[in-house]
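Let me begin by presenting the structure, written as structure tokens, before commenting on it.
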Amino acid sequence: MTSPKKLYIKTYGCQMNVYDSERMAELMGEQGYEATQTPDDADMILLNTCHIREKAAEKVYSELGRYKGLKAAKPGLKIGVTGCVAQAEGQEIMRRQPMVDLVVGPQSYHRLPELEKAGAQAVDTDFPTEMKFDHMSKRPKARRGPTAFLTVQEGCDKFCAFCVVPYTRGAEVSRPAARILDEARDLVERGVREITLLGQNVNAYHGAADSGDWSLARLIRELAEIEDLARIRFTTSHPNDMTDDLIAAHGDCDKLMPYLHLPVQAGSDRILKRMNRGHTAAQYIDIIDRLRSTRPDMHVSGDFIVGFPEETEADFQDTLALIERVKYGSAFSFKYSSRPGTPAAERDEVPEDEKNDRLQRLQALLTQQQRALQNDMVGREVSVLFEKIGRMPGQMVGKSEHLHAVHVMTDGVKPGDVRRVQIVESQSNSLRGALV
Ligand code: SAH
Ligand code: SF4
Ligand code: F3S
């Protein structure tokens, strides 16, 4: 008997890539590949890449450089580049690194098995009309941890002036609701208690053509009917698709967590317009206010870009003012990175030291808000979904409804259990609590 071939996948970028990597592992599992945690003993290596900022994209080539020795020692080793760099740079990747066997764009993963078998170098960066995972057999019945991602929508038609996603992931496409509900039920049967619905514009979800009138809110309400599913989250949303029914769902759907990731990027209307975001700072704040009147304990998280071309100090002050007004529970912030092919790449850049300075000031304010909201949990009783065993004997770690990590000393609690916990201390990046 031959031993199974080994597959090593290294994942960069967003949660959609994490989901895709899991599904590719399952797909290749059907071809006799078993996952390995190191490239050293792999028969196939896939780099699932991200193109969002220049640094992210360049990592691919340095990582590939490290595999030269492996390929020399094992000529049968297959090396593939998948994800958004594969889509954006295609054939160019093989020119720069001839040892690469496969280049597969994010919408063509269902073709991996046949591409793997093809002898020669292969590139597939089409945007097929059928969705990549919808004609795949159901996920294999292996037990799962308590939390899972589930992609419901892909691609983007918004074309923010700085962003590569519409080019790398293609136009906005929603998966059929029936497929998503099946996949969710299957995940729950395998032990999942919390599902995070994913999409580059997840709240633009509208179901597939010919399957009735779907929205993300309706999908969430249907998912909430799955008895053993305890929690539902979704990410990432765009302010312009934040509909009234989705806001209302935060008030009337108990399983929908009081936490929303709603990127705004900037607080200056002048910059928002140049970014082609399609809304003003006041409209964004109005959404947050309406959410909080529906669900007062709502925590908001965001994404920010500093140093977008032509951003002045006054524009930047508007961003700080918006942050002061919203009060974020967490946030991601980035220096603007010019991306080839995007409209903003043609414009004048803000000097690097100015970008660094603004990023530092922005992050100081966000960190302060994050800490304040975390400290405010002390003394409160919260619900925790336990995920895994902690570092100390007898300790378990889980997440609160607001996505805070919570450490609890407990015997008899298993991963997947949801319990009430009294928060007793706020530590640097987590909370400590005791079972109620
Ligand atoms: N669909 C999501 C975001 C996807 S990209 C949305 O609409 O908000 C994730 C984040 O990366 C973005 O929110 C933005 O903050 C950041 N980002 C995207 N392009 C960037 C660029 N060229 N430079 C710096 N940050 C960027
Ligand atoms: Fe990129 Fe804008 Fe689309 Fe988000 S909405 S993925 S930032 S183009
Ligand atoms: Fe990166 Fe592509 Fe996600 S560019 S952020 S991996 S959609």
Side-chain angles (χ1 to χ4, degrees), residues 9-21 47-60 81-89 104-107 109 125 149 151 153-173 198-205 234-242 260-267 271-272 274-279 284 287 300-309 311 319 328 330-347 349-350 352 355 358-359 362-363 366:
I9 306 185
K10 190 168 170 114
T11 308
Y12 301 87
C14 63
Q15 291 140 321
M16 312 212 41
N17 267 8
V18 174
Y19 174 84
D20 285 347
S21 291
L47 293 185
N48 196 9
T49 61
C50 174
H51 201 245
I52 201 83
R53 285 167 289 275
E54 191 180 347
K55 271 202 187 119
E58 279 305 313
K59 276 186 198 153
V60 181
V81 178
T82 62
C84 293
V85 177
Q87 190 63 45
E89 299 183 6
V104 189
Q107 305 310 338
Y109 297 151
T125 50
F149 292 138
T151 295
Q153 174 279 339
E154 278 214 60
C156 182
D157 299 333
K158 300 270 192 298
F159 290 95
C160 299
F162 50 81
C163 184
V164 294
V165 171
Y167 313 97
T168 61
R169 291 274 168 170
E172 207 167 289
V173 183
L198 299 181
Q200 269 90 18
N201 270 286
V202 70
N203 57 341
Y205 179 79
F234 59 91
T235 197
T236 295
S237 298
H238 191 286
N240 292 357
D241 294 311
M242 213 58 218
L260 180 70
H261 183 62
L262 194 65
V264 65
Q265 318 299 354
I271 294 298
L272 285 169
R274 288 171 188 229
M275 286 179 163
N276 192 31
R277 288 290 292 181
H279 62 81
Y284 178 86
I287 295 168
V300 179
S301 127
D303 289 348
F304 297 90
I305 295 177
V306 300
F308 184 76
E311 182 188 73
T319 303
Y328 285 89
S330 72
F332 300 95
S333 44
F334 313 97
K335 282 189 286 183
Y336 169 72
S337 166
S338 175
R339 306 309 289 128
T342 60
E346 311 293 315
R347 304 180 201 161
E349 285 235 28
V350 170
E352 192 63 18
K355 282 191 203 170
R358 286 180 197 166
L359 186 66
L362 182 99
Q363 289 183 338
L366 287 166

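Start at 1 and go down the list; that is how both ligands and their atoms are numbered. Since the structure is predicted, the reported quantities are computational estimates derived from the model, not experimental observations.
- Near Arg277, with a cut-off below 4.0 Å to any heavy atom, the atoms of ligand 1 are 7 (O), 8 (O).
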Quick one, Gln363 with Ser333, criterion side-chain hydrogen bond (donor to acceptor under 3.5 Å, both in side chains). Give me CA distance, side-chain angles, the key distance, then yes/no. CA-CA 7 Å; Gln363 289 183 338; Ser333 44; 2.9 Å; yes
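- Distances below 4.0 Å separate heavy atoms of Gln200 from the following atoms of ligand 1: 1 (N), 2 (C).
- Looking at Cys84, Ala56, Cys163 and measuring to atom 2 (Fe) of ligand 3, the nearest heavy atom belongs to Cys84.
- Each of the atoms 23 (N), 24 (C) of ligand 1 lies under 4.0 Å from some heavy atom of Tyr336.
- Within a 4.0 Å radius of atom 18 (C) of ligand 1, the protein contributes one or more non-hydrogen atoms.
- Close approach of ligand 1 to Thr236 (heavy-atom distance below 4.0 Å) involves ligand atoms 2 (C).
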From CA spacing to verdict: side-chain hydrogen bond (donor to acceptor under 3.5 Å, both in side chains), Gln107, Glu154: CA-CA 9 Å; Gln107 305 310 338; Glu154 278 214 60; 3.2 Å; yes
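- Taking a cut-off of under 4.0 Å to the non-hydrogen atoms of Gln200, the atoms of ligand 3 that pass are 7 (S).
- Under a 4.0 Å heavy-atom criterion, Lys335 is in contact with ligand 1.
- Proximity of Phe334 to ligand 1, defined as any heavy-atom pair under 4.0 Å, is confined to the side chain (atoms from C-beta onward).
- Looking at Gln265 against ligand 1, only its side chain comes within 4.0 Å, counting heavy atoms.
- Residue Asn17 has at least one heavy-atom neighbour below 4.0 Å for each of these atoms of ligand 3: 6 (S).
- Taking a 4.0 Å cut-off on heavy atoms, Ile52 registers as neighbouring ligand 1.
- Protein heavy atom in closest approach to atom 2 (Fe) of ligand 2: Cys160 SG, 2.3 Å.
- Note on ligand 1: Asn201 sits outside its first shell, no heavy atom being nearer than 4.0 Å.
- Shortest contact from atom 3 (Fe) of ligand 2 to any protein heavy atom: Cys156 SG, 2.2 Å.
- Closest of all the heavy-atom pairs between Pro106 and Gly83 is CD-O, 3.5 Å.
- Against a heavy-atom cut-off of under 4.0 Å, Arg339 is close to the following atoms of ligand 1: 22 (N).
- Ranking protein heavy atoms by distance to atom 1 (Fe) of ligand 2, first place goes to Cys163 SG, 2.3 Å.
- With respect to Asp303 and Arg53, no salt bridge is recorded, no charged nitrogen being found less than 4.0 Å from a carboxylate O.
- Atoms of ligand 1 lying under 4.0 Å from any heavy atom of Pro263, numbered from 1 in the order shown and given with element: 8 (O).
- Look at Cys50 and atom 1 (Fe) of ligand 3: an N/O/S atom of the residue is under 2.8 Å from the metal.
- When only non-hydrogen protein atoms are considered, atom 3 (Fe) of ligand 3 lies nearest to Cys14 SG, 2.4 Å.
- In summary, the atoms of ligand 1 found under 4.0 Å from a heavy atom of Arg53, numbered by their order in the structure, are 11 (O), 16 (C), 17 (N), 23 (N), 24 (C), 25 (N), 26 (C).
- Of the heavy atoms in Arg169, only side-chain atoms (C-beta onward) come closer than 4.0 Å to ligand 3.
- With a 4.0 Å heavy-atom cut-off, ligand 2 is reached by no atom of Pro263.
- Contacts with ligand 1 closer than 4.0 Å are made by heavy atoms of both the backbone and the side chain of Ser337.
- Ring-plane geometry between Tyr328 and Tyr284 is classed as parallel, the angle between the planes falling under 30 degrees on a 0 to 90 degree scale with a further cut at 60.
- Nearest protein heavy-atom contact of atom 4 (Fe) of ligand 2 is Arg277 NH1, 4.3 Å.
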